[in-house]
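Residues take their numbers from the sequence shown, with the count starting at 1. Here the structure is a predicted model, which means the values were calculated and not measured.
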Amino acid sequence: MARVRYGARTEAEMAATRTATSKLPDIWSTGVVAVWESDPDAVAAVLPPPLKPTGRPLVRAGISRVELAGYPLGAGSVAVAAEHGAVAGWYPLVMPMTHERALTGGREVFGEPKKLGEVTVERNGLVVRASLARHGIAFVEVRGAVSGGLPLPEPARKTDFYFKFLPAVDGSGFDADPVLVHCVREERVRKLESVTGDVVLRESMYDPVADLPVRRLVELTIGEKTSDQRGRVVERVDAQALLPYIHQRYDDPRQILDGPPEGSV
């Protein structure tokens, strides 16, 4: 009988997949990073417990292009500074990706708030433009000009906070207690330049980052970097405390109960 591709894989095949994944080469991206001070109350309002605001209400937008062979990828993130106990890091609110492959693993394994979207990074001489867009709205746009080179930073460890959960089948909450994930990235930079410009936040009912206004631009750069990541579950969280925030993950929270029309399967 011919191989049934939906059938069970052998232990050897599964082991080969794990080995290939553990030996990925360095993948370098070109990206724009903007960091700004925003409204402290707005930053605090988006943080589910047990995350807490830091002493500075920072928002960070990262917009990157990865030139994978035959598979160019756009990847972005808008995150707010947060703390979990003694650990300082970032809590991403939305992470647009241009391909489903980049979206699926992050959402299912780490609990990342990834969504399909349009990610643009353009450089023409010294002129730079980068944007994150969904539903035809460029809800974050960075515009500026390269103003000079910057010293390369030392390799750094950065932490992102994610909540991993499964909405309940009957719509009443969660199927199991949600967990808080610390995703640690070891980041290396091989090129870094400063950019003089501005950040434009546009109104979007789907990605309302305009609620985190730019009070003062702290950092605007373009550079080339690579990183790896490791995640771990650090604690189970109160389901009722997280429930008011799960709309952050979806364009419409009602979509988690969407199913196929009756008789269509």
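For the pair T30/R123, no side-chain contact is recorded, criterion being any heavy-atom separation below 4.5 Å from C-beta on. Within the 4.5 Å cutoff, the side chain of F163 has heavy atoms near those of the L51 side chain. Under the 4.5 Å side-chain criterion, counting only non-hydrogen atoms from C-beta, P49 is in contact with Y245. With contacts defined as side-chain heavy-atom distances shorter than 4.5 Å, the pair V209/V59 does not qualify. Side-chain atoms of M97 and V119, non-hydrogen and from C-beta on, never get closer than 4.5 Å to each other. No side-chain heavy atom of E193 sits less than 4.5 Å from a side-chain heavy atom of V128. Using a 4.5 Å cut-off on side-chain heavy atoms (C-beta onward), W36 and L220 make no contact. Side-chain contact check for P50 versus H84: some heavy-atom pair is nearer than 4.5 Å.
Side-chain N or O atoms of E219 include none that pairs as donor or acceptor with a backbone N or O of V33 at under 3.5 Å. Although no hydrogens or angles enter the test, the distance criterion places no donor-acceptor pair under 3.5 Å between the side chain of K225 and the main chain of E187. Using modelled atom types, one side-chain atom of S194 and one backbone atom of G148 make a donor-acceptor pair closer than 3.5 Å. Remark: the backbone N or O of V140 is not paired with any side-chain donor or acceptor of S131 at under 3.5 angstrom.
Around CD of E13, the count of heavy atoms belonging to other residues, nucleotides or ligands within 6.0 Å exceeds 12. Within a 6.0 Å sphere centred on CZ of R202, other residues, nucleotides and ligands contribute more than 12 heavy atoms. The local environment of CD in E154 is sparse, with at most 12 non-hydrogen atoms from other residues, nucleotides or ligands closer than 6.0 Å. Environment of CZ in R157: sparse, with no more than 12 heavy atoms of neighbouring residues, nucleotides or ligands closer than 6.0 Å.
Rounding to the nearest 0.5 Å places CD of E118 at 11.0 Å from CD1 of I137. To the nearest 0.5 angstrom, H99 atom NE2 is 12.5 Å from T104 atom OG1. For the atom pair L166 CG and D175 CG, the distance stands at 6.0 Å (nearest 0.5 Å). Atom CG in D207 sits 11.5 Å away from atom CG in L201 (nearest 0.5 Å).
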Given the rule in the side-chain contact (heavy atoms from CB on, under 4.5 Å) test, do E37 and L58 qualify, once you have shown the distances and angles that lead to the verdict?
-> CA-CA 5 Å; E37 287 185 349; L58 296 179; 3.7 Å; yes
Does the pair E224 and R190 meet the rule for a salt bridge (charged side-chain N to carboxylate O under 4.0 Å, His left out), with working shown?
-> CA-CA 6 Å; E224 298 176 6; R190 68 182 182 186; 2.9 Å; yes
Run the salt bridge (charged side-chain N to carboxylate O under 4.0 Å, His left out) check on E112 and R107 step by step: do they pass?
-> CA-CA 5 Å; E112 295 173 335; R107 284 180 67 100; over 6 Å; no
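Closest approach of F161 and V87 over heavy atoms only: CZ-O, 3.6 Å. Minimum heavy-atom separation, T226 to I27: OG1-O, 2.9 Å. Contact detail for G111 and R249: the closest heavy-atom pair is O-NH2, 3.3 Å. Here the closest heavy-atom approach between residue A82 and residue Y91 is recorded as CB-CB, 4.2 Å. The two residues R236 and D177 come nearest to each other via the heavy atoms NH1-O, 3.2 Å. Across every non-hydrogen atom of F139 and P96, the tightest pair is CZ-CG, 3.9 Å.
Y162 pairs by the ring-ring contact (aromatic ring centres under 6.0 Å, His included) definition with nothing, not counting sequence neighbours.
The residue from R60, R230, R185 that alone fulfils the salt bridge (Lys or Arg N to Asp or Glu O under 4.0 Å) condition with D160 is R185. Residue C183 is tested with R232, K158, Q229 for a side chain to side chain contact (heavy atoms under 4.5 Å, CB included); the sole match is Q229.
Ion pairing between a basic and an acidic side chain is recognised when a charged N comes within 4.0 Å of a carboxylate O; E67 and R65 show such pairing.
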